[in-house]
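Just so we're on the same page: letters track the sequence lines, and every chain starts at 1.
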Protein chains: 2
Amino acid sequence: MPSRTVENYLKSILMISINKNCVEVPMGMIAESLKVTPGTATSMVKNLQKEKWLNYKARKGVTLTGSGKKIGMRMIRRHRLIETFLVETLGLDWSEIHEEAEELEHSISDKVLEKLDVFLGNPQFDPHGHPIPSKSGVIRRLSQKSLLDCKVGKKMKIESILDQRTEFLNFAKNKSLMPGNIIKILKYQKIADTVEVQVEKKPKFSLGFNSADKIMVSG
Amino acid sequence: MPSRTVENYLKSILMISINKNCVEVPMGMIAESLKVTPGTATSMVKNLQKEKWLNYKARKGVTLTGSGKKIGMRMIRRHRLIETFLVETLGLDWSEIHEEAEELEHSISDKVLEKLDVFLGNPQFDPHGHPIPSKSGVIRRLSQKSLLDCKVGKKMKIESILDQRTEFLNFAKNKSLMPGNIIKILKYQKIADTVEVQVEKKPKFSLGFNSADKIMVSG
DNA sequence: TTATAGACTTTGATTAATCAAAATTAAAAT
DNA sequence: ATTTTAATTTTGATTAATCAAAGTCTATAA
């Protein structure tokens, strides 16, 4: 019933509110995340409000309603299950699956999606370490601790990577920055805004604060 | 580059020209097969001509160019490979896969499609018995002989089913009218336009001429 | 030959999604 | 208390795909 454009808006808004942990999502972020002009986002959001998928306050931002959240969560589930399928079953590289899933998440029927879920053995996390929402829209809380929040010298387990860009994921893979691996901060250099890290027994390397903040860890 | 609407037009036109064995495809058939009004088909076909995907002669019909045929064939390959995947891998029923594939054929990247092809072991026929075009667009000639062209009493092998409608395929499956099975005409009743048939050792039953003509056979 | 039915084309309108650029507003800086 | 800036909204246009309904052909039947 919702068009694929609507599905994209609701998913993006939900993702922003989860990632930035905010209730009211500002218009600018929506426009940026969907790569449309601000005016387009405003007019679309007004339509979404008419359909009761969200509440919009001019110059404040947007909050999803229950039904809007449901659709958004459904899209996240689809996206992550499809990514898992592409890596596990077809053997695509984890750095190249995002765009694929972005398209397929709109095209697969509920029936096929649930078959896929069973075929994959009800996976709980996608290849980037992100939790896959259940059919009913429940999602495990992801770790709120990034590499930046860690003490120097403490061994941490990488939980997930909060960046979808192919180039970043290629870099991450190259450096073994992948879910499950053990990472340690060797030096914390505030002045240069970098941290020096080591993954498993691999050679050490540096990460900028922005990048380090995208590596979520636990333990 | 071509939109999914364009892909659908070119696929439909190619399918009609293959099935009806005609060079010039009349506008009426195009409109019917795509479920649009005749006026819509006319205006769309004019656009396709501008892009050099076909030649259009007013009140005569349409013939695909080389590039149009290529795109159409690409879509047939995608459709049939996806149908095969849905049945073989995910275990969907062969009568419910057409609509799914109709959507997915536009969404899958070339890369994923070729991975799928390898994963499935380069299948040569889809679950309905239709030949899957090769990557380069070559398609095996399908049997031109339908059940209606057979002698009474002669055992024939079912090659394919030329009807995509869910209800027909459900009926066919129920009666074991599936590729590979052996079928025999018991009686040919021109006056009632029915044939009485038997598949393998199953109970005999009747088929109207129209339906019998959709069961392609060999041997 | 003329009439007519059926196939096809034209015309004018609509819808969803978008952009560019001008106008507005709220917050921050002076 | 102004001014400036940055974010947002408004306005007016555009594009692809569609429909309904009116108009036009052409082949067949009278």
Side-chain angles (χ1 to χ4, degrees), chain A residues 1-13 16-17 19-20 22-64 67-68 71-72 75 102-103 105-107, chain B residues 1-13 16-17 19-20 22-64 67-68 71-72 75 102-103 105-107:
Chain A
M1 207 156 334
S3 69
R4 58 181 59 207
T5 308
V6 169
E7 290 180 339
N8 279 333
Y9 274 78
L10 295 175
K11 186 185 71 165
S12 285
I13 294 166
I16 295 168
S17 78
N19 290 338
K20 309 268 154 157
C22 59
V23 187
E24 247 170 7
V25 178
M27 297 306 294
M29 283 187 178
I30 298 172
E32 194 207 338
S33 128
L34 289 158
K35 298 191 180 91
V36 295
T37 60
T40 301
T42 301
S43 85
M44 193 63 198
V45 151
K46 285 179 175 177
N47 295 334
L48 298 181
Q49 168 154 265
K50 273 196 208 111
E51 304 288 340
K52 302 260 176 63
W53 284 317
L54 50 74
N55 292 302
Y56 162 64
K57 280 194 210 143
R59 305 198 131 91
K60 289 287 172 208
V62 139
T63 57
L64 292 181
S67 66
I71 295 173
M75 298 317 292
E102 206 65 6
E103 180 65 32
E105 64 191 15
H106 306 291
S107 309
Chain B
M1 207 156 334
S3 69
R4 58 181 59 205
T5 308
V6 168
E7 290 180 338
N8 278 333
Y9 274 79
L10 295 175
K11 187 185 71 165
S12 285
I13 294 166
I16 295 168
S17 78
N19 290 337
K20 309 267 153 157
C22 59
V23 187
E24 246 170 9
V25 178
M27 297 305 295
M29 283 188 179
I30 298 173
E32 195 206 340
S33 128
L34 289 159
K35 297 188 180 93
V36 295
T37 60
T40 300
T42 301
S43 84
M44 192 64 199
V45 151
K46 284 178 175 176
N47 295 333
L48 298 181
Q49 168 153 268
K50 272 196 210 113
E51 304 288 338
K52 302 261 177 64
W53 283 317
L54 50 74
N55 292 302
Y56 162 63
K57 279 193 210 141
R59 286 169 214 276
K60 287 285 171 210
V62 138
T63 57
L64 292 181
S67 65
I71 295 173
M75 298 317 291
E102 205 66 7
E103 180 65 32
E105 64 192 14
H106 305 291
S107 309

Original post:
Partners of Lys57(A) by salt bridge (Lys or Arg N to Asp or Glu O under 4.0 Å), sequence neighbours excluded?
Top reply: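 Once residues adjacent in sequence are excluded, the partners of Lys57(A) under the salt bridge (Lys or Arg N to Asp or Glu O under 4.0 Å) criterion are Glu24(A).
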Identify the pairs formed between an N or O of the protein and an N or O of nucleotides 14-16 of chain D at a distance under 3.5 Å, and give each distance.
none

Listed partners of [X] passing side-chain hydrogen bond (donor to acceptor under 3.5 Å, both in side chains), at least two apart:
X: Glu103(B); answer: Arg4(A), Arg4(B)
X: Thr5(A); answer: none
X: Ser67(B); answer: Thr65(B)
X: Thr37(A); answer: Thr40(A)

Atom [atom1] of [X] to atom [atom2] of [N]: distance rounded to whole Å?
X: Tyr9(A); N: dA17(C); atom1: OH; atom2: P; value: 8 Å
X: His106(B); N: dA17(D); atom1: NE2; atom2: C1'; value: 14 Å
X: Lys50(A); N: dA17(C); atom1: NZ; atom2: P; value: 12 Å
X: Glu7(B); N: dA17(D); atom1: CD; atom2: C1'; value: 15 Å

Report all side-chain donor-acceptor pairs from residues 28-35 of chain B shorter than 3.5 Å, counting only partners two or more places apart or in another chain.
{"residue": "Ser33(B)", "atom": "OG", "partner": "Ser12(B)", "partner atom": "OG", "Å": "3.2"}

**OP:** Output all residues satisfying side-chain contact (heavy atoms from CB on, under 4.5 Å) with Gln49(A), sequence neighbours left out; order by chain, then residue number.
**Re:**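 Testing Gln49(A) for side-chain contact (heavy atoms from CB on, under 4.5 Å), a comparison that skips the adjacent residues, returns Leu54(A), Asn55(A), Tyr56(A).
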Original post:
What do the steps show when you test Glu105(B) against Glu7(B) for side-chain contact (heavy atoms from CB on, under 4.5 Å), and what is the final call?
Top reply: CA-CA 9 Å; Glu105(B) 64 192 14; Glu7(B) 290 180 338; over 6 Å; no
Shorter than 3.5 Å, N or O on both sides, protein versus nucleotides 5-12 of chain D: list them out with atom names.
{"residue": "dT8(D)", "atom": "OP2", "partner": "Gly28(A)", "partner atom": "N", "Å": "2.8"}
{"residue": "dT8(D)", "atom": "O2", "partner": "Arg59(A)", "partner atom": "NH2", "Å": "2.8"}
{"residue": "dT9(D)", "atom": "OP1", "partner": "Tyr56(A)", "partner atom": "OH", "Å": "2.2"}
{"residue": "dT9(D)", "atom": "OP1", "partner": "Arg59(A)", "partner atom": "N", "Å": "2.8"}
{"residue": "dT9(D)", "atom": "OP2", "partner": "Thr42(A)", "partner atom": "OG1", "Å": "2.8"}
{"residue": "dT9(D)", "atom": "OP2", "partner": "Tyr56(A)", "partner atom": "OH", "Å": "3.4"}
{"residue": "dT9(D)", "atom": "O5'", "partner": "Tyr56(A)", "partner atom": "OH", "Å": "3.4"}
{"residue": "dT10(D)", "atom": "OP2", "partner": "Lys46(A)", "partner atom": "NZ", "Å": "2.1"}

